[in-house]
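See below for the structure under consideration.
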Amino acid sequence: MSDEIKKEEESLNFLEEIIEQDLSAGKYPSIVTRFPPEPNGYLHLGHASSICLNFGLTRKYPGYTNLRFDDTNPVTEETEYVDSIKEDVKWLGFEWKHERYASDYFDTLYEYAVKLIEKGLAYVDDSTSEQMAAMKGTPTEPGVNSPYRDRTIEENLDLFTRMKAGEFPDGSHTLRAKIEMAHINMLMRDPILYRIKHAHHHRTGDKWCIYPMYDFAHGQSDSIEEVTHSICTLEFVPHRELYDWLIEKLDIYPSHQYEFARRNINYTVTSKRKLLQLVNEQYVEGWDDPRMPTISGLRRRGYTPESIRDFCDRIGVAKRENMVDVGLLEFCVREHLNKIALRRMVVFDPVKVVITNYTGEGEMLSSENNPEDENGGTRQIPFSGELYIEREDFMENPPKKYFRLAPGQMVRLKSAYIIKCEQVIKDEEGQVKELQCTYIPESKSGADTSGIHVKGTLHWVSVKHAVRAEVRLYDRLFKVEDPTDEEGDFKEYLNPLSLQVLPAVYAEPDLLHASLQERYQFIRKGYFVLDKSSNPDQLIFNRTVGLKDAWAKEVKKG
RNA sequence: UGACCCAUGGUGUAACGGUAGCACUACAGAUUUUGGUUCUGUCUGUUAAGGUUCGAAUCCUUAUGGGUCAACCA
């Protein structure tokens, strides 16, 4: 191995550097990380980065990772989301040590709050949210103290107990930390710790009517689990000061928060709010619509966990704003699929080819399942005198460098024979209806003694053996790189061509046995996977991603 | 007009005071029974100006640009 490669392998991201320092300094014998989603939506590509990061770190270094649901807001959270999140993390190939919920800690958190009150560091405020906002100040102006700020400890204790007991309606009281209303960091201006919500919680039911805020749950949960490195995204940087303040005042296990930049990907959106909108307003079929950047959408689209992990590795981790090209994701999935996908032939838009000198009944031809895999084996494909080829694979007046079929020109039919186009038959409208061709009997694939070399090889299916299937061609969800950055509503920028359904394509018969577990490459067409709604009577395939297409590029250039 | 975070090719990410590298993309060529794959090569970069230093992408200063912060959301 060259020094160059070695060096590349050893290069660490900033979090790995911190961890290696901590470990070698003996600060921790091993590390604990956590992946802390709020169960209010499905996981997407952004979460995949966080998952790969958190779980990846404890794969590389001694320690473990917890899955913790940040379920402190009962009105947005549902068990359906919990289930999907667990399924997605597992599908991505990771195992958590403990499955935890912030709601597991509600009793402890309540005790913590009492402790803070007793230390004179928290008080019950009767202000409305409007009043509070008015007293909060602005980033450049200090806030003012709430009139309730100097209540006695006894009074606060009493009020807080009664808040918990359900004596007050929603919005009437909050528990706030007593820090500093003129603090330069807005988050330190007496942040709310608890609010009243008479709402049913997906796990604790109606036991509670007060719920802790993020800032009084997240860091405390980290601490309870003795998380050493609590990794979150950059927008939480200002929260770190409060995170540390609470840990210090509560005198609990000192977890530390580190922030990295969220990964943005072009031609899509990764905000749960926006994705929820697309689902609710039925711009897409559901959370697992194959156009969605959700893990479940990608799964249904045919992406492999390996390719997603590879993608996350390649884009890395850093602290600067970024917009990752979705082309890299596509590269990653092509690279993996190229190695594992079974090759099959499917004609999308058929034109009939009649081989005039083919007198036999037909024959079975053998073709490799995957040229990239020498142990991939072969399959049998029926050949006959009447075939379908792709309409775009024939041109009556071809431009130069067109290697496909044209009058008088020869091409090879993949794994079969070389044919020559002798005559073009058209219908009344001048549309090509049939191509009459002759074949070269000595050019049979694998036993070619014809000595003829052709530039083009086409996929094909035998007319009478062809199997009907539906194919769904997916493209990018949005027609602009950053829909969030455009004028007006982001939904105005949806790509109207993001789904194109071909209800009847012609597939080689082997595809009758297609399975949900398998990936396919329709030769010269792209990578496909069976859709979950498919059945033997109605085969449905989703296009994961197309093949690179040098000819299309050539044509575009003119 | 406050505080904080950030700034390396088109994109993402390395270089930890000592040769600006890797990957994707793009382009050119070779190979190919997929215009796929594979292989070879090429183009493109340290936001700016000062300073420290034998030497600066790296340290300091200022400027510029981008982002975050005023939810009883997370």
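Everything numeric in this text was worked out from a predicted model, so none of it was measured. Atoms considered below: every heavy atom in the structure, side chains included; atoms not considered: hydrogens, waters and symmetry mates. Throughout, protein chains are lettered first and strands after them, A, B, ... in sequence-line order, and every chain is numbered starting at 1.
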Under 4.0 Å, counting only non-hydrogen atoms across every strand here, what does His239(A) touch: a base, just sugar-phosphate, or nothing? base
Can you measure Leu193(A) atom CG to rC72(B) atom C1' for me and round it to whole angstrom units? 12 Å
Tell me, which pairs form a salt bridge (charged side-chain N to carboxylate O under 4.0 Å, His left out) where one or both residues lie in residues 336-346 of chain A, sequence neighbours left out? Arg344(A)-Asp510(A)
Please state the P separation for the pair rG66(B) and rU61(B) - nearest whole angstrom. 22 Å
Without decimals, in angstroms, what is the distance between Asn13(A) CG and rG12(B) P? 17 Å
Could you give the distance separating rU58(B) and rU47(B) at their C1' atoms, to the nearest angstrom? 15 Å
Distance, nearest 0.5 Å, that separates CD1 of Ile117(A) from CG of Leu175(A): 4.5 Å
When rounded to the nearest 0.5 angstrom, what is the spacing between CD1 in Ile419(A) and CE in Met410(A)? 10.5 Å
Counting just side-chain N and O atoms, does Lys136(A) come under 4.0 Å of either OP1 or OP2 of rC69(B)? no
Using 0.5 Å steps for rounding, measure from the CD atom of Glu259(A) to the OG atom of Ser230(A). 9.0 Å
Separation of atom CG in Asp190(A) from atom C1' in rA70(B), rounded to whole Å: 14 Å
Ignoring backbone atoms, establish whether Lys197(A) has a side-chain N or O less than 4.0 Å from OP1 or OP2 of rC73(B). yes
When rounded to whole Å, the OH to P distance for the pair Tyr214(A) and rC69(B) reads 13 Å
Quick one: Asp485(A) CG to rG66(B) P, roughly how many Å, whole number? 11 Å
Say you pick atom C1' in rG21(B) and the same atom in rG9(B); how far apart are they, in whole Å? 12 Å
Is the shortest side-chain N/O distance from Arg195(A) to OP1 or OP2 of rA74(B) below 4.0 Å? yes
On a whole-Å scale, what distance lies between the P atoms belonging to rG18(B) and rG10(B)? 26 Å
Rounded off to whole Å, could you give me the CZ-to-P distance for the Phe236(A) and rA71(B) pair? 15 Å
I need the Thr378(A) OG1 to Asn370(A) CG distance, nearest 0.5 Å. 12.5 Å
Check if the side chain of Thr140(A) and the base of rU1(B) share a donor-acceptor pair of N or O atoms closer than 3.5 Å. no
Going by atom types only, do Tyr267(A) and Asp482(A) share a side-chain donor-acceptor pair under 3.5 Å? no
Donor + acceptor pair across side chains of Glu225(A), Asn66(A) (<3.5 Å): yes
For the side chain of His183(A) and the base of rA3(B), is some donor closer than 3.5 Å to an acceptor across the two? no
In whole Å, measure the gap between the P atoms of rC27(B) and rU37(B) for me. 13 Å
Please tell me whether Phe160(A) and Tyr194(A) form a close aromatic pair, meaning their ring centres lie under 6.0 Å apart. yes
Taking atom C1' in both rU8(B) and rA3(B), what distance in whole Å separates the two? 27 Å
Please work out which of the three classes, parallel, tilted or perpendicular, describes the rings of Phe522(A) and Phe348(A), given edges at 30° and 60°. perpendicular
So, is Lys319(A) near the phosphate of rA7(B), with a side-chain N or O under 4.0 Å from OP1 or OP2? no
Of the options rC24(B), rU13(B), rG2(B), whose atoms approach the side-chain atoms of Asn322(A) most closely? rU13(B)
Phosphate-side-chain proximity, Ser129(A) and rA71(B), N/O vs OP1/OP2 below 4.0 Å: no
Does OP1 or OP2 of rU13(B) have a side-chain N or O of Arg263(A) closer than 4.0 Å? yes
When the C1' atoms of rG45(B) and rA14(B) are compared, how many Å lie between them, rounded to an integer? 13 Å
Measuring centre to centre across the rings, with the benzene-like ring taken for any Trp, is Tyr417(A) within less than 6.0 Å of Phe383(A)? yes
Categorize Gly446(A) for me: base, sugar-phosphate, or nothing, with a 4.0 angstrom heavy-atom threshold over every strand shown. base
Please work out the stems of RNA chain B from pairs that are Watson-Crick or G-U wobble with both distances under 3.5 Å, keeping only runs of three or more consecutive pairs. B:2-7 with B:64-69, B:10-13 with B:21-24, B:26-30 with B:38-42, B:47-51 with B:59-63
Anything under 3.5 Å between a protein N or O and an N or O of nucleotides 34-36 of chain B, put it in a table, one pair a line.
from	atom 1	to	atom 2	distance (Å)
rU34(B)	O2	Gln521(A)	OE1	2.9
rU34(B)	O2	Arg524(A)	N	3.0
rU34(B)	N3	Gln521(A)	OE1	2.5
rU34(B)	O4	Arg343(A)	NE	2.6
rU34(B)	O4	Arg343(A)	NH2	3.0
rG35(B)	OP1	Arg524(A)	NE	3.4
rG35(B)	OP1	Arg524(A)	NH1	2.8
rG35(B)	O2'	Ala550(A)	N	3.3
rG35(B)	O2'	Trp551(A)	N	3.3
rG35(B)	N7	Arg404(A)	NE	3.1
rG35(B)	N7	Arg404(A)	NH2	3.0
rG35(B)	O6	Phe403(A)	N	2.9
rG35(B)	N1	Lys401(A)	O	2.8
rG35(B)	N2	Lys401(A)	O	3.4
rG36(B)	N2	Glu372(A)	OE2	2.9

Please tell me if Arg240(A) has a side-chain N or O lying less than 4.0 Å from either OP1 or OP2 of rC5(B). no
Name the closest nucleotide to the Ala318(A) side chain, picking from rC69(B), rC73(B), rA14(B). rA14(B)
More than 12 heavy atoms of other residues, nucleotides or ligands under 6.0 Å from NZ of Lys197(A): yes or no? yes
For Asp244(A) and rC4(B), give me the distance from atom CG to atom P, rounded to whole Å. 16 Å
Need one value for Arg412(A): base, sugar-phosphate or nothing, where a base atom within 4.0 Å counts as base even if backbone is also close, heavy atoms only. base
Report the distance from atom CD of Glu38(A) to atom NE2 of His218(A), rounding to the nearest 0.5 Å. 11.5 Å
Of the candidates rU25(B), rC27(B), rC72(B), the side chain of Lys553(A) sits closest to rC27(B)
Distance flag, aromatic centroids of Tyr258(A) and Phe14(A), threshold under 6.0 Å: no
Closest to the side chain of Leu234(A), out of rC27(B), rC5(B), rC24(B), is rC5(B)
Find the distance Phe216(A):CZ to rC72(B):P and express it as a whole number of Å. 17 Å
Pick base, sugar-phosphate or nothing for Ser367(A), based on heavy-atom distances below 4.0 Å to the nucleic acid. nothing
Between Gly327(A) and Thr76(A), which has a closest nucleotide on RNA chain B that is more 5'? Gly327(A)
Nearest-nucleotide wise, let me know which of Val454(A) and Asn185(A) is further upstream toward the 5' end of RNA chain B. Val454(A)
Which whole number of Å gives the distance between the P atom of rU64(B) and that of rC24(B)? 39 Å
